[in-house]
There are 2 protein chains.
Amino acid sequence: MNPESNAQRNTKQRSAVRDVLAETEGFHSAQDLHAMLRDRGERVGLTTVYRTLQGLADTGEVDVMRPPGGEHLYRRCSQGHHHHLVCRSCGRTVEVLGPAVESWAEKMAGEHGFVDVSHTMEIFGTCPECAQKS
Amino acid sequence: MNPESNAQRNTKQRSAVRDVLAETEGFHSAQDLHAMLRDRGERVGLTTVYRTLQGLADTGEVDVMRPPGGEHLYRRCSQGHHHHLVCRSCGRTVEVLGPAVESWAEKMAGEHGFVDVSHTMEIFGTCPECAQKS
DNA sequence: TGCGCTTTTGACAATCATTGTCATTATCGA
DNA sequence: TCGATAATGACAATGATTGTCAAAAGCGCA
């Protein structure tokens, strides 16, 4: 009956996942992160990694990206909403901010009576270096 | 050795897939479309549906959406770029136009020197009716 | 129009990320 | 410290998508 059920317990595994996320740059798949944890000697089950990431994604602590043709990629989310500009050749990622986009999305949703709104946006392109190579 | 190998042959199956797409509104999964084709008496393999959809997506004839937690959804692309407002409960879809978003994406990409830019955006929320039910 | 090369098809198997299960373990509040 | 309860993790299950390859169909050319 607890409305704000903060039943989030603080476990070693959860901290471990947070730690790797904090110490790595860029996006990584759940399986990647799992492998990193094993290399560090942490003993964390793959299932747990998945569930932890889901939880973190729910609370907005991490970003999730679903690139075409692949696994979900996770990344420590710098607080605040933002989007990504991704090079489709080398995978380089640039964070971009677009307050205008945020408010536009909200407005659109509002006009149609939608509530509890979220949105995803990704920009794909070829970065300067990759463009030069071809 | 043909550089522009337009080796696209015109088969019954391909037309059939195009036809269902043309005559249905909204998004449908590959499996959906396959089922519709069977109902019509068309004899098309599931594998072929997948491959045809991929091809159509490559040429930009159809939209692809990857909602969280599910299959890919395909839709005949109404010419012109647009985005979608999707109810995460009942799946209802509303098309929304946002020229501002388009140009913003282009500008952002340009500022970072990215070329050959495309982008995806989806807005998720709960539509008025579903919100009332809960 | 008929022939042959090449693409396409389609049934089935294989893949693989993600989720479900459930007994065991660890955490947190009292 | 103790007990209720959430979290863990090994494993199985799921299910969409892709690979395979022999058989069939399209298209260009004579």
Side-chain angles (χ1 to χ4, degrees), chain A residues 1-21 27-59 61-75 120, chain B residues 1-20 27-59 61-75 88 91:
Chain A
M1 280 292 165
N2 195 339
E4 235 57 22
S5 168
N6 271 21
Q8 291 284 75
R9 292 185 179 175
N10 233 0
T11 64
K12 288 177 209 159
Q13 291 85 350
R14 210 163 300 207
S15 317
V17 172
R18 265 213 255 272
D19 285 353
V20 251
L21 279 169
F27 283 90
H28 296 281
S29 69
Q31 320 242 3
D32 260 7
L33 293 167
H34 180 233
M36 293 184 201
L37 286 167
R38 303 200 79 196
D39 288 349
R40 288 176 166 220
E42 306 280 355
R43 207 159 277 281
V44 184
L46 179 57
T47 311
T48 303
V49 174
Y50 272 105
R51 269 187 303 225
T52 304
L53 288 172
Q54 270 177 14
L56 293 174
D58 282 348
T59 65
E61 281 187 70
V62 298
D63 264 351
V64 191
M65 190 171 60
R66 312 175 96 251
E71 315 116 289
H72 296 186
L73 299 180
Y74 300 88
R75 184 193 202 188
T120 66
Chain B
M1 280 289 165
N2 194 340
E4 235 57 24
S5 167
N6 270 22
Q8 290 283 77
R9 293 185 179 176
N10 234 359
T11 64
K12 289 176 209 162
Q13 291 87 348
R14 210 163 299 207
S15 318
V17 172
R18 263 213 255 273
D19 284 353
V20 251
F27 283 90
H28 295 281
S29 68
Q31 320 240 5
D32 260 6
L33 294 166
H34 179 234
M36 293 183 202
L37 285 167
R38 301 200 82 197
D39 288 348
R40 288 177 165 219
E42 305 279 355
R43 208 160 276 280
V44 184
L46 179 57
T47 311
T48 303
V49 174
Y50 271 105
R51 270 187 303 225
T52 304
L53 287 172
Q54 269 178 14
L56 292 174
D58 283 347
T59 64
E61 280 186 70
V62 298
D63 264 352
V64 192
M65 189 171 63
R66 311 174 94 251
E71 315 117 287
H72 296 185
L73 300 181
Y74 300 89
R75 185 194 202 186
R88 62 164 80 77

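Per chain, numbering begins at 1; letters A, B, ... match sequence-line order.
Residue order along DNA chain D, read from the 5' end via each residue's closest nucleotide, puts V49(A) first among K12(B) and V49(A). For the pair Q54(B) and T52(A), both in contact range of DNA chain D, the more 5′-proximal nearest nucleotide belongs to T52(A).
Computed from coordinates, the N10(B) CG to dT8(C) C1' distance equals 12 Å when rounded to whole Å. Here the P atom of nucleotide dA16(D) and the CG atom of D32(B) are 10 Å apart, to the nearest Å. Rounded to an integer number of Å, the gap from R43(A) CZ to dG9(D) C1' is 12 Å. Going from atom CG of L33(B) over to atom P of dT17(D) covers 11 Å, rounded to whole Å. At whole-Å resolution of the value, OH in Y50(A) and P in dT8(D) are 16 Å apart. With rounding to whole Å, H34(A) atom NE2 is found 8 Å from dG9(D) atom P. Atom P of nucleotide dG9(D) and atom CZ of R38(A) are separated by 11 Å, given to the nearest angstrom. Separating the CZ atom of R14(A) from the C1' atom of dG9(D) is a distance of 14 Å, rounded to the nearest angstrom.
Atom CZ of R40(A) is surrounded by more than 12 heavy atoms from other residues, nucleotides or ligands within 6.0 Å.
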Starting from the C-alpha separation in whole Å, work towards a yes-or-no answer on side-chain contact (heavy atoms from CB on, under 4.5 Å) for L33(A) and V17(A).
-> CA-CA 8 Å; L33(A) 293 167; V17(A) 172; 5.5 Å; no

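To the nearest 0.5 Å, atoms CD (Q54(B)) and OH (Y74(B)) are separated by 6.0 Å.
Dashed line: the shortest gap from a side-chain N or O of H72(B) to OP1 or OP2 of dT17(D) is under 4.0 Å. For dG9(D), one of the phosphate oxygens OP1 or OP2 lies less than 4.0 angstrom from a side-chain nitrogen or oxygen of T48(A). Put simply, T47(B) has no side-chain N or O that comes within less than 4.0 Å of OP1 or OP2 on dT17(D).
Side-chain contact between L56(A) and L21(A): present, with at least one pair of heavy atoms (C-beta onward) separated by less than 4.5 Å. Using a 4.5 Å heavy-atom threshold, the side chains of H72(B) and F27(B) count as separate.
When distances are taken from the side chain of Q31(A) to each of dT18(C), dA16(D), dA10(D), the shortest belongs to dT18(C).
Side-chain atoms of R9(A) and base atoms of dT5(D) include a donor and an acceptor less than 3.5 Å apart.
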